Every structure is written in structure tokens, then in C-alpha cells.
K.L.:
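Structure below; questions to follow.
A quick note: this is a predicted structure, and the numbers were derived from the prediction, not measured. Every chain is numbered from 1, with letters handed out A, B, ... down the list of sequences. Values below: every heavy atom of this structure, side chains too, minus hydrogens, waters and symmetry copies.
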Amino acid sequence: MIVAERKPIKEIISMINGLRKILVLGCKGCVTVCSAGGEREVEILATIIRMDRKKKGEPVEVMERTLVRQCDPEYLDLLSDSIGQFDAVLSMACGVGVNFLADRYPKTVALPALNTKFYGVAEEQGVWSERCAGCGDCILNLTGGLCPVARCSKGLFNGPCGGSVNGKCEISPDIPCVWQLIYDRLKGLNQLDKLDEVLPVKDWGVSPHGGPRKIVREDLKI
Amino acid sequence: MKSGSNLEKVLTSGQFAVTAECGPPKGTSAEVVKRKGEMLKSCCDALNVTDNQTAIVRMSSISGCVLLKGLGVDPVMQMVVRDRNRIAIQSDILGAVALGIRNMLCLSGDHQKFGNHPSAKGVYDIDSIQLIQIVKRMRDEKKFLNGEDISGEVPLFIGAAANPFADPFEFRVRRLAKKIKAGVDFIQTQAIFDVERFSRWMAMARDEGLHEKAYILAGVIPIKSAGMARYMASNVAGITVPKEIVSRMAGAKDAKEEGIKIALEIIEQVRAIKGVHGVHIMAVAWEDIVPVIVERAGLMPRPRL
Amino acid sequence: MSGTFKPDVTAFCCRYAVYNFAEDPGGLAEAGFPEGVKVEQVSCSGRVDVVRLLKALEAGADGVYVVGCEEEKCHNVAGSQRAKKRAEYIKDVLLQLGMEPERIEMFFMSRGDEARFIEMAREMIGKVKALGPSPLRGK
């Protein structure tokens, strides 16, 4: 899923400074699963905003709504009748949702309430970590299913570098060295010879570095 | 001759090589580089100029190399893949060759998080092994990475680092083999304090015949104080400092002299290991000790080729 | 000012912990339970979510606290530990809003310990008196 985290309250508050009528808009997709921007978080943030304004003696009207998804026109279009009344929409979706909101409603101020972090997993309750970088050209078949693009701090293709110690990355003892993990896994699978090949330079042209990406599936288009 | 550099000449002539490290200044003074160059030129065969080591912004390696070249020193241009993409790397290589640089050390680089601009975007377009491949192709085929022709020669003696003290230990020789397969001519290792582990690594390298495919220079860091020994033992990822060295430094009346003795012992021990072709002395912030160490190690005078 | 200030505090209390005395406000008051604390019984302190606590503060409570079972002996295993984390979360929210984090607290007690229950209420009232009225009060 896309994993996100709420921005600091102070930052959100300064973003909406002076606005009178705000829609806090949640999303029932990934950000609900990672407890960042679902119905519950919408209610919490809306309450916090009201508390702040009450404290300052500045009136505000905060509406709460949570869409099935903010990355799909079908659901975003549900806002078309009411969105004109808001000074701003504070989206608790990932950055995709904020963008799509802005794309579809040119006259609406679209603000992000979350920092979108990564494509990741829920390691355990309350802990998420990165697994994929969306580089556009998957090489997991070559690396035992573990991604050096997303999980090696230097994105090395022929690691581990000289900073791998006791299974940890040189940048932090909290970060596992993915190349150690790759090594251990390939050893367990009896495929260590895979590591003897020098992996070729990567085509970053299909990654974000190649410009905004798009997929068109003629077989699915109507 | 691949490059005709002094380092290549010394190594191919079968002599035990001595290289050292010159850290460029955090500023614009050519004098700093020249002073270090003058101090070290007679006691080493080539001098590495670091490339924003530990991700701290310093004068560029390429310009440090040019300054040294002007003194008659054979410079080794270090290049990390942290700060440049394939376009900038190839461009700098062309420029370096044009400016007379003949040795290049291909490195990943310390992560930017360690440095003085920790929020910088790391480039890592390619990795250090891919960099070796690119330089080799530029030199041997006169082609850029994309296959286009390069006008002119790219005579570079290609180096890389190896760290026998990082993990997984069993992979360290495989990684060395990968670098050699990619086209490396010489290796400068991480600083050795644990000679026993280094010699096990060398034995594994010899089993694969790697000592005959690349010149391996053993890394040595002279320790200046007990504090430095302790710091390196606990804070530097990928350096192993055995307890006895820390306690020797702590117990020494004259810590600097003890540090020199330890460095000399390590040099003597690694020289005796088959397949070690030289030493690379990295006297961080203690460059003036290098001539003393080289002299006392019996490695003077350096060959004139 | 402190002479005229009558604190308004809401306490969310684990029904299991306070089962033997909470139903008798008269008896509690007689035993020394302070004025100004409104007791809301909940099936488990772990059931009180962040929104409920925030809403109480938003409504103008000068202080809010949660009473749960002893951390290691929660009737519902980890309910009171969860409640503690929520209280900490709200402390951070209050800080960011420029309010005093002491306006929310978490307390633990052994089942049926009325004396401790009264002591906590007095402690909370004391804290709130020192802080003064909530900046959200009456707005």
C-alpha cells in the first residue's frame, strides 16, 4: 500500500490560517489501512482544527467526509455539488488524491494533510516500512525478491557496500542491510551464483527520472 | 601500459607500491594541496585525492589532482557515484584525462547522511562496480556507456576499494571478484587493524586467483591517539579495531609513537602476505607522519621509473 | 482568580476498576471525592478513543483523565496500556496547539481501591487549578 503520515499539526494549522470553511476529506484506500487518513483520522483532525480555532477565538466550519478513494473520478465526482462552498479542501489522502482533487476541481484550494512516504508493508501493528520504489523496471527476479532500489540506502545493484556490518546498514543500526538479506536468502535458495553476475546499469528513463509516467491499456479503454 | 601512470609502472615492474591520501581543503586554497603534495611526493608512488569524503563538501578531487600533477606527483582521482550521474561522471573522466590524470579510484561513497549536507539528494545513478565497467569500456573500446565513440584516448589505471572487514565476510571475496570481472586494475583496501582477518580474506582471494588479476594495496591508517582508536573501533562502519590495539594506545606513554609502531607492524605483516602488492596509507589529518612511516618501514627511496 | 475558578474535569473510568463505589456519588463525596469531576464509566479504559477525549476537551473541559486497571493487570489485558498511549498522543496534540499537556492524564488503580480513586481526582483537580481554566472554555 501507499504509506502516509499526518503532517505536524502546526504545519496544517498554518496552511489553513484564515480559512473559514474547510472540508477535511479522508480516503478509504491505503491511508485508512495505514491509519493516516481514514474516517477516524478525519474526525480527529477536524476536532483538532476546531479546538485550535476555539482557542484563538476564530470561527471555523469544518466538515468531514471520507470517500471510497480519492484516486478515482467515480468517487471524486461525488463532491461536485458541494465542493464550491469550501474555502479549501484538506485532503487526508496520499499525494495522489490531493493531485487528482486539484486536477478535477480547478477552483478548489487543495491542501495536503499528510506526508506521503512510501510503498510499504505493515510489519506489525503501528510499524510500516518501505519495500518498493516504483522504479518502473522490476529486477526482483535477480535479487531474491528483495529490492535494492527501495531498500539499499545507496540503491546499489551489486552490493553490499563496505559499510554493511552485522547485517545493518552503515547509515543506521535500525536499518537492515538489504544486501545482507539478499545474500542470506540466495544462499538459502542455493542461488548464490546469481550474485556473481554484474548487474547492468539501470534504465531510469522508466522511473520518475524519465518524466511523469502513464499507462494506457487499449484493451480496457471504453 | 594501460595508462602509463607512475603507479601502474611501479606495480607492473613488480615493486612494492606505496600510495597515500591527500584530503583537499574545505576551501579554495591551492597552497593547502600543494603543501601536502610537497610533503608526500618523495615518499609515495601516487597520491589519492579524496572526493568529498564522508560526504563533506571539499575542493573537488579533480582540481586537487591537477594541483598535485603540477608538482610532479602522480595523482589518483577518487570518484564517488553518490554525487554524479552517468553524464557528469563520463564528462569528468574526459576532463580528468585531458588534464593529465591517469589513475582513478571508483567508489560508492559514504552516504550523504553522514556529511555536512545530510538532506542532499543522493544520485546513485550507477554503482561503483558499474562505474568500473564504464571506465574500462571508455579506455579499452573508446566508447561511452551508450555505445557512442569517444574521440581520443582514455588512458586510465582503474582502481576500486575493497573492505575485508565488512559483512557478509564470505561475500567479500566474491565482491572483489566482481570488481575484477568488471575491469579493475588495482585495489586499495579499507584500513587494516585486524591482520588475521585480512590474511584470511587474502587467502580466499588467492584461492580464486584474484591476486594475479589485480594489484592489491593494503590500507593502513596510523592512529594518532587512544581516543582515535576508540572512536574508530566503535563509530566507523566497516573498520575493525581489535581490543589489544585500543588498549596498547590507551596504555602508551607516547601515543603517537605507539601509533607509528602499530602502523609499522601492520605494514610488515601485510607485506609478508602473498598477493599484497603495496600499501595505501591514509593518515587522516596526520599527513606529515607518512614520510616517517615510509622511511621507518624501509620503503625508501621510492623507485624512479 | 483561583478563588473563583471552579474546575470542570471529566474522568473516563474503567467500570471494572471502580465497580464497588462509583454508583454511589453521595458516598464518594462523603469520602472526600472533590467537586468538579464528572465521572463517565466505560466498559474498559481501552475503549475510550482519541476522538472522545478530544471532544471532551473541545467542549471546554479544563482537564480530562482516564482511569484504568494497573498496567500489567488490565482486565482486558492491554486496555489500560492503550489508553495510556492515547493520553500521550493527546498531550502532544495539546502541546502543538499551544495548550498545557497536563490537561490530560492517565491514571492506573487496583480494582476497588476507592481511596486511590479519590486521591487521583484530587490530584487532577489540583493540577487543573494550577493551570487555570481551559482556553477553550465557554467559547
K.L.:
Just how far is it from atom NZ of B/Lys179 to atom CG of A/Asn158, taken to the nearest 0.5 Å?
P.N.:
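So the NZ of B/Lys179 and the CG of A/Asn158 are separated by 9.5 Å.
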K.L.:
Is it the case that the side chain of B/Arg174 and the backbone of A/Leu195 share a donor-acceptor pair, with hydrogens and angles ignored and the cut-off at 3.5 Å?
P.N.:
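Not a single qualifying donor-acceptor pair exists.
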K.L.:
When you measure from the side chain of B/Gln130 to the backbone of A/Pro200, do you find a donor-acceptor pair of N or O atoms at a distance under 3.5 Å?
P.N.:
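Yes, B/Gln130 side chain to A/Pro200 backbone: donor-acceptor pair under 3.5 Å.
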K.L.:
Short question: side chain of A/Glu170, backbone of B/His111 - any donor-acceptor pair under 3.5 Å?
P.N.:
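Yes, the answer is positive, given that a donor and an acceptor are paired below the 3.5 Å cut-off.
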K.L.:
Would you compute the distance between atom CD1 of B/Ile126 and atom CG of A/Leu199 and round it to the nearest 0.5 angstrom?
P.N.:
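The CD1 atom of B/Ile126 sits 13.5 Å away from the CG atom of A/Leu199.
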K.L.:
Output yes when a side-chain donor or acceptor of B/Arg82 lies under 3.5 Å from a complementary backbone atom of A/Lys154, and no otherwise.
P.N.:
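Here the side-chain-to-backbone pair does not exist.
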K.L.:
Tell me whether B/Asn235 at atom CG has more than 12 heavy atoms from other residues, nucleotides or ligands lying less than 6.0 Å away.
P.N.:
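More than 12 heavy atoms, drawn from other residues, nucleotides or ligands, come within 6.0 Å of this atom.
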K.L.:
A side-chain contact here means heavy atoms from C-beta on lying under 4.5 Å apart; do B/Tyr124 and A/Lys202 qualify?
P.N.:
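In short, these two side chains do not touch, never coming nearer than 4.5 Å.
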K.L.:
Return yes when atom CG of A/Asn166 has more than 12 non-hydrogen atoms of other residues, nucleotides or ligands closer than 6.0 Å, and no otherwise.
P.N.:
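Counting neighbours around CG of A/Asn166, 12 or fewer heavy atoms of other residues, nucleotides or ligands fall under 6.0 Å, so no.
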K.L.:
Kindly compute the distance separating OG (A/Ser164) from CZ (B/Arg175), expressed to the nearest 0.5 Å.
P.N.:
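If I round to the nearest 0.5 Å, the distance is 10.0 Å.
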K.L.:
Does any heavy atom of chain A fall under 4.5 Å from the side chain of B/Phe114, the backbone, both, or neither of them?
P.N.:
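For B/Phe114, the side chain is the part near chain A, not the backbone.
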K.L.:
Using a 3.5 Å distance criterion without hydrogens, assess whether the side chain of B/Lys178 forms a donor-acceptor pair with backbone atoms of A/Gly159.
P.N.:
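Absent.
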K.L.:
Under 4.5 Å from any heavy atom of chain A, what part of B/Asn85 do you find: side chain, backbone, both or neither?
P.N.:
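Contact with chain A: none, neither part.
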K.L.:
Report which part of A/Phe157 has an atom under 4.5 Å of a heavy atom belonging to chain B: side chain, backbone, both, or neither.
P.N.:
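It is both, since atoms from each part get that close.
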K.L.:
What do you reckon, is CD of B/Glu196 surrounded by more than 12 foreign heavy atoms closer than 6.0 Å?
P.N.:
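More than 12 within 6.0 Å, yes.
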K.L.:
Should A/Lys187 and B/Glu170 count as an ion pair when the cut-off is N to O under 4.0 Å?
P.N.:
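Yes, A/Lys187 and B/Glu170 are salt-bridged.
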K.L.:
Counting only heavy atoms not in A/Arg40, do more than 12 fall under 6.0 Å of its CZ?
P.N.:
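Atom CZ in A/Arg40 is not crowded, with 12 or fewer foreign heavy atoms closer than 6.0 Å.
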K.L.:
Backbone N or O of A/Leu156 within a donor-acceptor pair of the B/Asp127 side chain at under 3.5 Å?
P.N.:
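It does not hold such a pair.
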K.L.:
Quick check against the 3.5 Å criterion: does B/Lys113 have a side-chain atom that pairs as donor or acceptor with the backbone of A/Ser153?
P.N.:
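Not a single qualifying donor-acceptor pair exists.
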K.L.:
Counting only non-hydrogen atoms closer than 4.5 Å, does B/Leu145 touch chain A with its backbone (N, CA, C, O), its side chain (CB onward), both, or neither?
P.N.:
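Answer is side chain: those atoms of B/Leu145 sit under 4.5 Å from chain A.
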K.L.:
If you count heavy atoms of other groups shown closer than 6.0 angstrom to NZ of A/Lys194, is the number above 12?
P.N.:
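Enclosed: over 12 neighbouring heavy atoms sit under 6.0 Å from NZ of A/Lys194.
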K.L.:
With a 4.5 angstrom heavy-atom cut-off, could you sort out which part of B/Asp167 is near chain A: side chain, backbone, both or neither?
P.N.:
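For B/Asp167, the contact with chain A is made by backbone and side chain together.
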K.L.:
Please rank A/Gly155, A/Cys161, A/Gly167 by heavy-atom pairs under 4.5 Å with chain B and give me the top one.
P.N.:
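Counting heavy-atom pairs under 4.5 Å, the top option is A/Cys161.
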K.L.:
So what's closer than 4.5 Å to chain B heavy atoms on A/Asp184: side chain, backbone, both or neither?
P.N.:
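The answer is neither part of A/Asp184.
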K.L.:
More than 12 non-hydrogen atoms from neighbouring residues, nucleotides or ligands closer than 6.0 Å to CD1 on B/Ile87, yes or no?
P.N.:
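No - once you tally the heavy atoms of other residues, nucleotides and ligands closer than 6.0 Å, there are 12 at most.
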K.L.:
Looking only at heavy atoms and a cut-off of under 4.5 Å, which of A/Cys169, A/Gly163, A/Gly162, A/Pro160 has the most pairs with chain B?
P.N.:
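Max contact count across the listed options: A/Pro160.
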